[in-house]
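Take a look at the structure below.
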Amino acid sequence: MRTAVITLAAGRHRHLALQQLGLAAGSYVPDLYVVVAMDDPDLGAVLAGREPAATVVECPVNNGNLPLARARNLGAAHALERGAELLVFLDVDCVPGEQLLERYRQVALDIQHRRSLLCGTVSYLPPPSPYGYRLAELPTLAEPHPGRPAPATGELHRSEDHALFWSLSFAVTADTWHTIGGFCEEYEGYGGEDTDYGQRACAAGIPLTWVGGAPAFHQHHPVSDPPVAHLRDILRNAETFHGRWGWWPMAGWLHAFAERGLAHQDRATGGWLLGPDPTLRRTR
């Protein structure tokens with residue numbers, strides 16, 4: 001089964017370099033390594049001369065909003081054109097565990113799970129030491145994220161809750177990719193496009209299967225909670241999602257924005273808008 005790893009990048013060059021190192025150290029090295037550069041002309045130099053050899057696919061950025069959905073579709077199209085039978089998507093911050101690709105391949109070759117959306121576990125690493133992360137130590141540094149199923153090595157967990165899908169680490173066969181139809185490119189910037197993909201898989205009758213023994217390790221970087229730097233993206237993408245599926249994604253972030261007076265839910269329309277709730281000011 002010809003296997004492609006697809007990663008999106010706009011910066012995070014040190015993270016990408018460690019991912020490439022992790023792929024080279026794996027029990028199965030990908031047949032194709034496709035890195036989609038979102039307005040990042042320096043990526044080629046980061047990847048050059050190292051194994052596995054990477055192909056850089058350019059994806060222009062419009063209006064400053066990272067086109068994550070379009071970039072994943074471009075990476076998949078490039079891999080499929082070159083004969084990929086299994087597509088493995090890894091966030092640029094994610095370092096694959098030694099068995100990640102081999103385990104994804106093993107499950108995808110099983111006729112019972114070939115038409116599944118396969119998700120491995122992801123562990124969020126603490127900040128690295130001054131010497132950086134060491135591949136051999138990664139499994140000892142953090143446990144899998146508690147918000148997602150974490151089956152033991154060799155086990156699988158079939159889930160009916162497609163809202164739990166995330167795009168940090170997942171795999172689909174080429175046939176399953178075509179059945180789902182790729183990512184919806186109406187989303188731009190941060191948030192919502194992966195939750196939408198989970199719903200597309202559900203609508204297409206594709207089950208969600210959590211795969212034990214396919215770990216990825218998310219490298220530490222500063223974040224804000226809620227992600228106020230992405231406020232406008234999240235409101236816009238949440239509106240797009242609501243229009244497509246009839247419910248609000250990222251509800252925790254939306255309500256956290258509301259608590260800070262950064263956004264509010266319009267009482268007449270139910271939509272989310274920038275700024276504090278004007279009706280609260282009138283009643284004080």
Side-chain angles (χ1 to χ4, degrees), residues 1-8 23 26 28-36 55 57 67-91 94 96-97 99-122 148-151 154-187 192-216 241 244-245 249:
M1 179 174 279
R2 189 166 170 80
T3 300
V5 171
I6 300 165
T7 295
L8 320 182
L23 289 171
Y28 184 91
V29 178
D31 302 288
L32 298 164
Y33 183 30
V34 180
V35 180
V36 184
T55 299
V57 175
L68 302 175
R70 177 158 52 91
R72 289 196 186 95
N73 290 343
L74 280 174
H78 182 91
L80 292 168
E81 288 169 1
R82 284 149 186 80
E85 299 165 282
L86 180 66
L87 306 177
V88 178
F89 291 81
L90 282 178
D91 187 277
C94 285
Q99 304 291 323
L100 179 140
L101 284 186
E102 184 174 340
R103 181 65 173 143
Y104 273 148
R105 285 168 51 83
Q106 180 186 45
V107 178
L109 285 167
D110 185 334
I111 193 169
Q112 295 184 62
H113 304 290
R114 191 171 298 165
R115 283 177 48 83
S116 287
L117 185 53
L118 306 176
C119 289
T121 60
V122 178
R148 299 294 189 278
E155 294 184 354
L156 301 171
H157 175 80
R158 182 69 62 89
S159 173
E160 300 300 322
D161 190 357
H162 284 71
L164 290 178
F165 170 76
W166 57 5
S167 55
L168 293 170
S169 170
F170 75 98
V172 288
T173 64
D175 287 343
T176 302
W177 173 263
H178 290 306
T179 298
I180 296 172
F183 283 78
C184 173
E185 297 186 12
E186 294 177 38
Y187 297 88
E193 87 290 339
D194 53 352
T195 309
D196 185 283
Y197 188 77
Q199 294 306 296
R200 296 190 80 173
C202 182
I206 301 298
L208 176 60
T209 301
W210 296 89
V211 179
F241 185 98
R244 286 169 54 78
W245 302 105

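Any value given below was found using the heavy atoms of this structure, including those in side chains, with hydrogens, waters and symmetry copies removed.
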With the threshold set at 4.0 Å, does a side-chain nitrogen-carboxylate oxygen contact exist between D196 and R244?
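Looking at D196 and R244, the cut-off is met.
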
Applying ring-ring contact (aromatic ring centres under 6.0 Å, His included), can you list everything that pairs with Y187, at least two apart in sequence or on another chain?
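Scan of Y187 (ring-ring contact (aromatic ring centres under 6.0 Å, His included), adjacent residues dropped) gives none.
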
ring-ring contact (aromatic ring centres under 6.0 Å, His included) involving F183 - partner list, sequence neighbours excluded:
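Applying ring-ring contact (aromatic ring centres under 6.0 Å, His included) to F183 gives Y197.
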
Output all residues satisfying salt bridge (charged side-chain N to carboxylate O under 4.0 Å, His left out) with D31, sequence neighbours left out; order by chain, then residue number.
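None.
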
Would you compute the distance between atom [atom1] of [X] and atom [atom2] of [Y] and round it to the nearest 0.5 angstrom?
X    : Y    : atom1 : atom2 : value
R200 : I180 : CZ    : CD1   : 9.0 Å
R72  : E185 : CZ    : CD    : 11.5 Å
L87  : T3   : CG    : OG1   : 9.0 Å
R82  : L32  : CZ    : CG    : 8.0 Å
S116 : F170 : OG    : CZ    : 13.5 Å
L80  : W177 : CG    : CH2   : 8.0 Å

Who are the side-chain contact (heavy atoms from CB on, under 4.5 Å) partners of [X], not counting sequence neighbours?
X    : value
H157 : P149, P151, S159, W210
D91  : D93, C94, L168, H218
P67  : M38, C59, V61, R70

[X] side chain near [Y] side chain, heavy-atom distance below 4.5 Å:
X    : Y    : answer
L68  : L8   : yes
L118 : V88  : no
V5   : V34  : no
F241 : Q199 : yes

Least distance between heavy atoms, [X] atom then [Y] atom:
X    : Y    : answer
A71  : V36  : O-CG2, 3.5 Å
I6   : A79  : CD1-CB, 4.2 Å
L100 : A214 : CD1-O, 3.7 Å
C119 : L208 : SG-CD1, 3.7 Å

Quick one: which of V29, L23, L86 gives a side-chain contact (heavy atoms from CB on, under 4.5 Å) with L101?
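The single option meeting the side-chain contact (heavy atoms from CB on, under 4.5 Å) with L101 is L23.
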
[Y] backbone acceptor or donor facing [X] side chain under 3.5 Å:
X    : Y    : value
R148 : T121 : no
R103 : V211 : no
S169 : S167 : no
E85  : R2   : yes
H162 : I206 : yes

With side-chain hydrogen bond (donor to acceptor under 3.5 Å, both in side chains) as the test, pick out the partner of Y28 among Q106, R105, E102.
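Among Q106, R105, E102, the one that satisfies the side-chain hydrogen bond (donor to acceptor under 3.5 Å, both in side chains) with Y28 is R105.
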
Any chance you could lay out the side chain to side chain donor-acceptor pair (under 3.5 Å) test for T7 and Y33, step after step, and finish with the verdict?
CA-CA 8 Å; T7 295; Y33 183 30; 4.5 Å; no

For side chain to side chain donor-acceptor pair (under 3.5 Å), just list the numbers for T176 and T179, CA-CA rounded to whole Å, side-chain angles, deciding distance to a tenth of an Å, and then say yes or no.
CA-CA 5 Å; T176 302; T179 298; 5.8 Å; no

The test is side chain to side chain contact (heavy atoms under 4.5 Å, CB included); show your working for V57 and V35 and say whether it passes.
CA-CA 6 Å; V57 175; V35 180; over 6 Å; no

Worked check of side chain to side chain donor-acceptor pair (under 3.5 Å) between R114 and T173:
CA-CA 7 Å; R114 191 171 298 165; T173 64; over 6 Å; no

For the aromatic rings, using the six-membered ring if either is Trp, is the centroid distance between W166 and F89 under 6.0 Å?
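Judged by ring-centre distance (under 6.0 Å), W166 and F89 do not meet the cut-off.
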
